[in-house]
Amino acid sequence: MAIVKMSKLSLIGLEENKAPIIENLIKMGVVEIINCEEKLADEEWAQTVNRDGDAATLAQLEADISEVKGALDYLAKYDTRKKSLFEPKRTLDDAKYQEVLKKKDTIWDTVKKINNFDESLSALRSEENRLDNLILTLEPWKSLTVPLDVTATKTTEILWGVIPSSVSVESLKQELSEIAPASFLQIASSDKDQTYLLIFYHKSFKEDVLDDLKKYGFSKVAFKDMAGTVAENITTSQQRISAIKQERLTIEKQIATLAPEISNLEILFDYLEIERDKNKVLNNLVKTNKSFMLEGWVPSEVADKVKTSITQKYNCIIDVNNPENEDDMPILVKNNSFVKPFELITDLYSQPTAKEIDPNPIMAPFYFVFFGLMLSDAGYGILISLFTGFILWKYELEGVIKKLMGLLFFGGISTFIWGALFGGWFGNVVSAVSGGTYNISPIWFNPLDDPMRLLMWSLIFGAIHIFVGMGIKGYMLIKDGKVLDALFDIGGWYVFLIGIVLLLSGAAGAAGKYLTIFGAAVLVLTQGRSQKGIIKKLLMGVLSLYNVTSYLSDVLSYSRLLALGLATGVIATVVNTVGVLFGFNAVTLVFFVIVFVIGHIFNILINVLGAYVHASRLQYVEFFSKFYNGGGKPFKPFKINTKYIKLT
Amino acid sequence: MEWITSLFNGKVLAMLGAALAVLLAGTGSAKGLGIVGEMAAGLITEDSSKFGQALLLQALPGTQGIYGLLTAFVILNRIGVVGGAAVELTTATGFLFFVSALPIAIVGYFSAISQGRAAAAGIGIIAKHPEDLAKGIMFAAMVETYAVLALLASILMLFGINI
């Protein structure tokens with residue numbers, strides 16, 4: 001129920017045992033290997049040892065991984081295996097795994113084949129693009145029958161070219177016939193931008209013709225490396241395109257036949273990733289000619305087990321020590337199964353440091369209560385818990401998604417409890433359907449009838465939440481031996497705030513007044529104690545009273561508990577009201593069911609998101625700010641990290 | 001001058017309030033969603049696997065529109081247009097309903113747009129660090145606080161009106 005204690009493990013072994021020891025460590029998956037950077041910075045160390053690791057092998061492995069990944073991505077669209085949203089990793093026992101790995105070379109052939117196919121497909125695709133473009137450029141010249149490779153005859157020259165459509169072709173024709181009688185102009189076609197022309201002229205008129213054409217903005221068009229007429233070229237291109245389409249289909253079919261290989265490819269991928277990780281970790285080690293050394297963090301409770309299991313098998317020295325410096329100890333928290341899902345919220349904020357306490361066990365019950373209060377519909381709660389509970393039971397989830405499902409499962413339970421207290425069952429569905437004859441009456445009270453009452457309770461919950469946060473701060477101060485700090489900073493505020501509440505509510509008569517005055521006095525006298533000089537001390541003390549506004553705004557922030565709770569309830573009521581708008585008969589019943597299902601699902605989704613976000617916010621901003629800094633480094637053990645398979 | 005009397009009829013004023021709540025808060029949400037949506041679409045062209053995360057961020061500025069609708073519904077319900085018994089409203093009561101709709105209408109409009117911007121910036125976070133989605137959500141959610149407070153004010157005002 002707290003931060004797990006870590007030990008520092010140092011291992012010195014022989015180079016020949018390195019690979020099997022690393023293999024053992026990755027399989028145990030409980031040791032975080034420390035980077036040797038710091039060690040090598042020390043001159044004495046740097047003289048005797050070198051950094052381990054093999055950059056070339058690592059780079060090769062990375063390249064292999066991306067090659068296999070490319071093939072897998074490519075095959076993904078041919079994957080015919082059924083997969084659900086929460087598909088767990090495939091389990092594979094070691095014998096099967098080794099068996100597949102024996103065929104590594106044939107799997108590699110498949111990868112190469114797929115990547116080759118991919119290459120030829122993209123080559124075909126670019127050829128097709130090129131031909132498409134070619135057809136587009138040839139199209140305007142289609143009506144001409146002059147072969148493209150003929151640019152001159154014995155006495156004439158042939159020009160292909162365009163002029164802008166803004167100039168008149170007729171006047172160009174006219175002028176040409178005047179200055180060069182032995183010339184001929186043919187209009188191939190024209191579109192909105194330009195006119196496509198073919199011009200013959202006798203060689204003796206070359207200069208005149210070219211000058212004149214320049215005046216009209218003529219630009220030459222050349223078709224390189226092409227023979228035959230335009231129409232012929234278009235036909236051959238089109239034929240080639242359809243051939244390419246055929247070829248692509250054949251290749252894609254061939255790739256599709258490789259689809260069953262996906263599972264082997266996945267195993268290869270995971271194998272390469274494990275090898276990569278093993279190689280990568282070597283960078284953290286130091287070595288001499290014949291030996292190597294590694295250091296790591298290991299949870300103290302398993303440290304001895306790790307030590308014996310390795311020293312039994314290999315000739316090496318293992319030392320397990322308590323850390324001399326707790327600051328760089330990685331953080332692993334351990335909580336019971338109720339608190340565990342709520343770790344998600346803290347994980348997303350920041351890990352505690354070794355000096356702090358694990359906030360999860362205290363935060364979890366508050367999150368539980370607030371999440372439910374912001375949804376507060378018994379029907380929704382049942383649905384949420386059933387859905388997430390089913391997923392948790394059916395699939396073996398891991399990591400974040402498992403915690404999230406757990407969080408929603410407990411959140412659903414809380415939602416159910418609050419819903420029952422407030423009488424919300426899919427909003428007011430019973431009363432809406434029965435036309436008000438029947439009603440599920442709330443166990444406590446209906447916030448829609450008396451929102452002020454719930455507002456008051458929301459603020460009370462908030463005050464409790466904040467007081468608990470301050471209390472933890474006090475506890476931490478006392479634990480550090482700063483009893484006076486705890487007494488002044490936390491105790492003073494406790495007295496002052498409680499006094500104000502009593503004073504304003506008038507509940508305890510004169511006691512409220514005296515508590516307030518006493519609390520204020522303590523704060524004024526102590527809050528400036530770090531300042532120099534009596535005047536500065538008092539001034540800072542008086543100024544500190546201004547902080548009461550921040551406590552006020554913190555507490556008022558909890559009014560969102562009411563607002564979001566009401567939002568869920570009112571939207572649910574809207575859905576029901578719309579649903580029963582047309583009364584009940586065979587047709588309108590269908591309408592009712594559709595509205596009911598879609599409306600309530602929408603309401604659940606949007607408000608679960610809201611409840612999650614705002615319950616988190618209350619923890620982060622209002623609660624954590626009182627005592628929690630975080631900034632710890634999460635424990636990242638060196639372990640098998642696979643994407644597709646789970647080795648057993 | 002009959003139209004002035006009918007314009008300042010209690011029911012017309014109350015309905016005007018309801019209309020404003022939906023109109024302004026809804027417009028704000030639509031703008032906010034649009035801002036995030038544009039960013040999200042850009043992200044998806046690079047990496048389509050982040051669709052779910054991007055959608056989550058896009059949904060955030062959508063709540064203001066819902067709050068507006070919710071406020072409108074409470075008004076309509078209280079004046080007997082949807083469900084409940086029809087009531088006659090004096091001009092003064094009508095004004096009270098109108099005023100009650102203002103917080104969520106106006107704060108809803110502006111906060112949805114600002115929240116859209118914050119969420120759009122959050123898209124940048126998940127583009128580089130998908131594991132930090134929750135942090136992006138939190139930044140956008142900080143903006144929503146004021147929409148929630150405005151909704152609370154509107155609702156409390158509405159429940160406080162005696163007919």
Side-chain angles (χ1 to χ4, degrees), chain A residues 73 85 344-350 374 399-400 404 428 431-432 435-436 447-452 454-455 458 553 556-578 580-581 602-603 605-607 609-610 612-621, chain B residues 29 48-49 52 55-78 81-85 103-104 115 119 122 129-160:
Chain A
D73 285 348
L85 189 56
L344 178 69
I345 307 300
T346 313
D347 289 351
L348 292 171
Y349 185 81
S350 183
M374 284 192 258
V400 174
L404 183 64
N428 60 347
S431 136
L448 285 172
D449 297 337
D450 193 358
M452 288 312 290
L454 185 55
L455 179 63
S458 300
S553 72
L556 287 180
S557 179
Y558 289 80
S559 61
R560 77 187 70 230
L561 293 176
L562 163 69
L564 290 165
L566 283 183
T568 319
V570 174
I571 295 170
T573 315
V574 174
V575 170
N576 294 333
T577 314
V578 172
V580 298
L581 215 51
F602 169 76
N603 194 17
L605 289 180
I606 200 85
N607 279 299
L609 179 61
Y612 160 73
V613 163
H614 286 280
S616 303
R617 181 227 139 95
L618 289 177
Q619 309 296 340
Y620 295 161
V621 181
Chain B
S29 274
S48 61
S49 68
L55 195 67
L56 203 61
L57 273 172
Q58 202 202 354
L60 291 176
T63 37
Q64 280 85 345
I66 297 169
Y67 295 159
L69 178 73
L70 190 155
T71 310
F73 180 80
V74 174
I75 295 177
L76 296 181
N77 185 265
R78 292 222 58 200
V81 174
V82 176
I104 189 57
Q115 197 178 0
H129 305 286
E131 68 280 2
D132 282 342
L133 168 69
K135 290 171 187 162
I137 292 181
M138 281 318 295
F139 289 133
M142 297 302 279
V143 183
E144 182 163 311
T145 301
Y146 299 95
V148 173
L149 294 181
L151 170 70
L152 189 68
S154 282
I155 296 263
L156 288 179
M157 285 155 92
L158 282 174
F159 280 119

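Each chain gets a letter, A, B and so on, in the order its sequence line appears, and its residues count up from 1.
- For the atom pair B:I155 CD1 and A:L562 CG, the distance stands at 8.5 Å (nearest 0.5 Å).
- Interface residue A:I606: only side-chain heavy atoms are found under 4.5 Å from chain B.
- The CZ atom of A:R560 sits 4.0 Å away from the CZ atom of A:R617 when rounded to the nearest 0.5 Å.
- Rounded to the nearest 0.5 Å, atoms CG (A:D450) and CG (A:L455) are 10.5 Å apart.
- Within the 4.5 angstrom heavy-atom criterion, atoms from both the backbone and the side chain of A:L448 approach chain B.
- Within the 4.5 angstrom heavy-atom criterion, no atom of B:L133 approaches chain A.
- Counting only heavy atoms from C-beta outward, the side chains of B:M142 and A:V621 approach each other to under 4.5 Å.
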B:Y146/B:Q115 under side chain to side chain donor-acceptor pair (under 3.5 Å): CA gap, chis, key distance, verdict
CA-CA 10 Å; B:Y146 299 95; B:Q115 197 178 0; over 6 Å; no
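- The candidate with the highest count of non-hydrogen atom pairs below 4.5 Å against chain A, out of B:T145, B:L151, B:L149, is B:T145.
- Distance alone, capped at 3.5 Å, places no donor-acceptor pair between the B:R78 side chain and the B:I75 backbone.
- Of all the listed residues (B:L60, B:I66, B:V74), the one sharing the greatest number of non-hydrogen pairs under 4.5 Å with chain A is B:I66.
- For A:Y349, the part sitting under 4.5 Å from any heavy atom of chain B is the backbone (N, CA, C, O) and nothing else.
- Using a 4.5 Å cut-off between heavy atoms, B:L70 touches chain A through backbone and side chain atoms alike.
- Contact count versus chain B (heavy atoms, under 4.5 Å) is highest, among A:S616, A:A563, A:A432, A:S557, for A:A563.
- Annotation: side chain of B:P103 is in contact with side chain of B:M157 (closest heavy-atom distance under 4.5 Å).
- Residue A:V400: no heavy atom, backbone or side chain, is found under 4.5 Å from chain B.
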